[in-house]
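Residue numbers begin at 1 in each chain, while the letters A, B, ... track the order of the sequences. Hydrogens, waters and symmetry mates are skipped; everything else that's a heavy atom, side chains included, is used.
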Amino acid sequence: MKYWLIKSDPDTYGWDEMKKDKKTFWDGVRNYAARNHMKDMKKGDLCLFYHSQLKPPHITGVVEVVKEHYQDPTTEDDRWVAVDVKYKRSFKNLVTLDDIKQRKGLANMVLLRISRLSVQPVKKTEFDTIVKMGS
DNA sequence: GCCAACGTTGGC
DNA sequence: GCCAACGTTGGC
């Protein structure tokens, strides 16, 4: 099982909608590196849900991959894919970007190195640390 | 609103 | 296949 971090600008799609919908398709990725990560996602993988553009930016909770990649329904262009994710759990404490920066074990997260990548892999140890921080 | 980082496009 | 120009993302 793998772990990921997926970003969403709440103006486009926020955690409240995620909770309400229970399940959604994750589309609109137009970046090859992010797309390749989506193609690696397997059913049952867990993703941290990251709110970008907020003050402060933060992780709100966890979602689970329930359907592996398929053609992105929002475009004719067959280069792009979508996956389905379902709501798993909300964090009691939001884990902010600053919290992540402060935490020693998380200094090598992709999030801090390639800030613009919207779908990125997360190590199990990083995932566990963040879940602990959020609980 | 600004700016850095970086991906994409298009001319050559 | 290089590289300049341009657009977008995302933190601050």
Of the options A/Arg35, A/Lys39, A/Arg30, which is the one that meets A/Asp72 in a salt bridge (Lys or Arg N to Asp or Glu O under 4.0 Å)?
A/Arg30
May I have the distance from [X] (atom [atom1]) to [N] (atom [atom2]), rounded to whole angstrom?
X: A/His51; N: C/dG10; atom1: NE2; atom2: P; result: 13 Å
X: A/Gln53; N: C/dT9; atom1: CD; atom2: C1'; result: 7 Å
X: A/Tyr32; N: C/dT8; atom1: OH; atom2: P; result: 16 Å
X: A/Ile100; N: C/dG11; atom1: CD1; atom2: P; result: 10 Å
X: A/Asn31; N: C/dG7; atom1: CG; atom2: C1'; result: 13 Å
X: A/Asp77; N: B/dT8; atom1: CG; atom2: P; result: 12 Å
X: A/Gln120; N: B/dA5; atom1: CD; atom2: P; result: 17 Å
X: A/Leu111; N: C/dT9; atom1: CG; atom2: C1'; result: 13 Å

Pick from A/Phe91, A/Tyr50, A/Tyr87: which one makes a ring-ring contact (aromatic ring centres under 6.0 Å, His included) with A/Trp15?
A/Tyr87
Should the pair A/His51 and A/His58 be assigned to parallel (<30°), tilted (30 to 60°) or perpendicular (>60°) ring geometry?
perpendicular
Taking the inter-plane angle between the rings of A/Trp26 and A/Phe49 on a 0 to 90° scale, is it parallel (under 30°), tilted (30 to 60°) or perpendicular (over 60°)?
perpendicular
Just checking, A/Lys123 and A/Phe127: is the charged tip under 6.0 Å from the six-membered ring centre and within 45° of the axis?
no
Indicate whether the side chain of A/Asp84 and that of A/Tyr70 have a donor and an acceptor atom separated by less than 3.5 Å.
yes
So, A/Thr24 versus A/Asp21: side-chain donor-acceptor pair below 3.5 Å or not?
no
Nearest-neighbour nucleotide for the A/Leu97 side chain, B/dT8, C/dG11, C/dG10 considered
C/dG11
A/Arg116 has its side chain closest, among C/dG10, C/dC12, B/dC6, to B/dC6
Looking at C/dG11, I'd like to know if its phosphate oxygens (OP1 or OP2) sit under 4.0 Å from a side-chain N or O belonging to A/Tyr50.
yes
DNA chain C contacts among residues 5-14 of chain A, heavy-atom distance under 4.0 Å:
A/Lys7
Which residue, A/Arg30 or A/Lys55, contacts DNA chain B at a nucleotide closer to its 5' end, judged by nearest heavy atom?
A/Lys55
